[in-house]
There are 2 protein chains.
Amino acid sequence: MHEQTDPPDEPSPGLVSTAIQAITQHIRSEGLAPGDPLPSEAAMTRQLNVSRTVVREAFRSLSAMRLIDMSAGRRATVAKLDTGAMSMVIEHGITTQQISVQQVYDVRRTIEMRTVALAALRRTNAEAAAIAQSARLMRESCKNPETVMEHDIAFHEAIAAASHNPVFSLIVTAFSGVTRRTWVIGWRTRSSDEDQLKMIKGHEDIADAILKGDPRLAAEHMAEHFDKSVKALIDAGIA
Amino acid sequence: MHEQTDPPDEPSPGLVSTAIQAITQHIRSEGLAPGDPLPSEAAMTRQLNVSRTVVREAFRSLSAMRLIDMSAGRRATVAKLDTGAMSMVIEHGITTQQISVQQVYDVRRTIEMRTVALAALRRTNAEAAAIAQSARLMRESCKNPETVMEHDIAFHEAIAAASHNPVFSLIVTAFSGVTRRTWVIGWRTRSSDEDQLKMIKGHEDIADAILKGDPRLAAEHMAEHFDKSVKALIDAGIA
DNA sequence: AATAATAACCTGTCATACAGGTTTTGAGGA
DNA sequence: TCCTCAAAACCTGTATGACAGGTTATTATT
């Protein structure tokens with residue numbers, strides 16, 4: 001066994017990593033819930049016997065991952081589940097060409113085939129209405145691509161929310177950033193108005209299936225939707 | 001003309017967020033790839049006209065998300081895709097009880113039904129061997145739960161890798177931390193040796209199906225595996 | 001007792017300093 | 001000319017002190 005929880009110093013991981021672990025450990029051991037306050041930087045400084053610089057970098061790192069909320073004058077608090085860090089990881093993968101847009105779409109398809117089925121089974125009436133509303137807004141604003149896109153994204157996020165599994169919401173939302181960067185490309189390849197309206201119709205079909213509570217039908221429409229979207233992206237030359 | 005040193009523009013996000021964006025923007029605009037070096041802290045300090053403290057907190061934040069690698073003396077470099085941040089988000093959700101273990105398993109099931117099918121279609125011979133190897137090691141070390149668990153995790157990660165979609169790998173690996181915390185509980189409920197061996201047999205069936213290149217069969221076995229695992233967790237009282 | 005002023009505390013940012021680690025440079029020797 | 005190796009230059013890790021401005025607790029005044 002080569003463990004070194006040593007008294008003198010910790011060379012390898014660095015003081016900041018240690019501080020990050022100490023903070024997350026604190027959240028765990030104290031059973032803190034979102035909104036609960038964390039120790040002040042000064043307190044952490046004393047407890048860990050390091051400089052405020054180190055403690056601050058630790059807090060800031062957790063804040064960047066959206067695990068805690070920071071704001072001037074107030075102590076940091078435990079954060080609600082947020083997609084910030086995940087989005088950044090995905091975006092990083094895309095911009096450094098370690099993952100392709102098509103790969104993201106394959107994952108989205110996999111996940112959303114499930115969220116849409118769960119939504120059909122578990123959606124509340126309000127959720128079904130929100131989903132249908134997004135689809136309707138897509139049609140109404142079909143002259144303005146940017147607006148259609150935002151409603152499209154809201155549509156998919158609403159379905160994820162209606163799955164009543166926040167992990168699905170987390171992942172779907174994390175992908176929204178990628179969608180924002182590629183959506184318009186796909187839209188442009190649907191040259192004719194007819195194609196564009198057909199795509200919007202697809203969303204309405206999904207919303208209807210969810211409203212009817214038919215998971216199989218909802219999944220079918222979702223699959224169709226993704227297949228067409230991916231095809232549009234491939235036609236546009238997205239690797 | 002040079003930079004716009006924000007006369008009246010963004011007060012709320014704070015200098016550090018701005019710096020983080022500047023760095024990621026740099027990666028994007030320069031088309032940096034993993035391993036490429038970033039500007040030094042001093043350079044960023046000059047470019048953004050802020051103190052090194054701010055720049056350092058920005059770098060450190062990106063490092064915490066594993067988007068960049070830092071080490072003493074060397075400039076920071078663009079990092080390879082890593083699951084660090086995602087794991088922390090999931091763990092945070094679990095420890096603050098914003099998501100349940102069962103919800104994670106539902107997502108895992110959804111994703112791994114797909115990875116296993118893709119693995120059956122796209123696996124190389126080496127990957128098929130690695131998957132089978134993990135299953136074999138599970139059986140051989142079946143007296144030592146901890147070891148079985150590690151091979152089990154390696155098994156699932158190997159399947160994700162064989163899907164040839166790094167996004168799947170990313171997500172599956174991010175869940176491994178949760179698995180490490182709950183696996184033993186599920187194992188204990190399989191009281192009899194017979195149950196435990198049956199579970200290991202399930203893994204071998206999956207490995208065989210992947211080797212045979214039969215996605216449907218592989219997915220069937222995977223579904224069965226997850227259904228039993230979830231049942232074991234529920235029996236053990238995991239909410 | 002209600003309210004307003006004040007003190008105490010907290011985070012955001014800056015400047016400076018120094019201890020190591022890493023890369024570059026350059027001088028001297030083969 | 002080319003190699004070796006040590007000094008120099010550069011870089012990050014950490015500590016300290018300072019101050020502005022926001023937030024909460026305390027106290028004084030009415």
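Within every chain, numbering begins at 1; the chains are lettered A, B, ... in the order of the sequence lines, protein sequences first and strands thereafter.
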Engineer: First contact, last contact: which nucleotides of DNA chain C are these for chain A, 5' to 3', heavy-atom distance under 4.0 Å?
Structural biologist: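 Range of nucleotides touched by chain A: C/dC10 to C/dT13.
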
Engineer: With nearest nucleotides of DNA chain C determined for B/T53 and B/A72 from heavy-atom distances, which residue corresponds to the more 5′ nucleotide?
Structural biologist: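 Nearest-nucleotide comparison on DNA chain C picks B/T53.
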
Engineer: Taking all non-hydrogen atoms of both residues, which atom of A/A128 and which atom of A/R123 are closest, and how far apart?
Structural biologist: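 Reported closest heavy-atom pair: CB-CG, 3.7 Å.
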
Engineer: Provide, to the nearest angstrom, the distance between the CD1 atom belonging to A/I20 and the P atom belonging to D/dT14.
Structural biologist: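 My rounded result for the distance is 11 Å.
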
Engineer: Mind checking what makes side-chain hydrogen bond (donor to acceptor under 3.5 Å, both in side chains) contact with B/E41, not counting sequence neighbours?
Structural biologist: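 Scan of B/E41 (side-chain hydrogen bond (donor to acceptor under 3.5 Å, both in side chains), adjacent residues dropped) gives B/R52, B/R56.
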
Engineer: Starting at atom CD of B/E41, determine the distance to atom P of D/dT14, rounded to an integer number of angstrom.
Structural biologist: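 Distance, rounded to whole Å: 11 Å.
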
Engineer: Assign each of A/N49 and A/R74 to its nearest nucleotide of DNA chain D by heavy atoms, then name whichever residue's nucleotide is nearer the 5' end.
Structural biologist: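 So the residue in question is A/N49.
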
Engineer: Whole angstrom is fine here: how far is it from CG in A/L48 over to P in D/dA15?
Structural biologist: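 Atom-to-atom, A/L48 to D/dA15, this comes out as 10 Å.
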
Engineer: Flag the pair A/D106 and B/R114 as a salt bridge only when some basic side-chain nitrogen lies within less than 4.0 angstrom of an acidic carboxylate oxygen.
Structural biologist: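 Salt bridge: yes.
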
Engineer: Could you walk me through whether B/Q133 and B/H151 pass side-chain hydrogen bond (donor to acceptor under 3.5 Å, both in side chains), step by step?
Structural biologist: CA-CA 9 Å; B/Q133 168 81 347; B/H151 291 311; over 6 Å; no

Engineer: Side-chain N or O of B/R56 less than 4.0 angstrom from OP1 or OP2 on D/dG13?
Structural biologist: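 Yes, such a contact exists.
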
Engineer: Just by distance, with hydrogens left out, do A/S176 and A/E157 show a side-chain donor and acceptor under 3.5 Å apart?
Structural biologist: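 Checked: A/S176/A/E157 side chains pair up, N/O donor to acceptor below 3.5 Å.
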
Engineer: Checking the side chain of A/R66 only, and the main-chain atoms of A/G84 only, is there a donor and an acceptor separated by less than 3.5 Å?
Structural biologist: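 Between the backbone of A/G84 and the side chain of A/R66 there is no qualifying donor-acceptor contact (under 3.5 Å).
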
Engineer: Taking all heavy atoms of B/P145 and all of B/W183, pick out the closest pair and write down the distance.
Structural biologist: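 What the structure gives for the nearest pair is O-CZ3, 3.5 Å.
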
Engineer: With axes from five pairs an end, tell me the bend angle of the helix from C/dA1-D/dT30 to C/dA30-D/dT1, nearest 10°.
Structural biologist: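 Terminal axis comparison yields 10°.
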
Engineer: Could you check how far CZ of A/R75 sits from C1' of D/dT24, rounded to whole Å?
Structural biologist: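 Spelled out: CZ on A/R75 to C1' on D/dT24 is 11 Å.
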
Engineer: Is it true that atom CD of A/Q21 has more than 12 heavy atoms of other residues, nucleotides or ligands lying nearer than 6.0 Å?
Structural biologist: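 Not more than 12 within 6.0 Å, no.
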
Engineer: For the pair made of CZ in A/R52 and P in D/dA18, what is the distance, rounded to whole Å?
Structural biologist: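 Result: 13 Å.
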
Engineer: Atom CG of residue position A/N49 - does it have more than 12 heavy atoms of other residues, nucleotides or ligands inside 6.0 Å?
Structural biologist: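 Check fails, neighbour count at 12 or below.
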
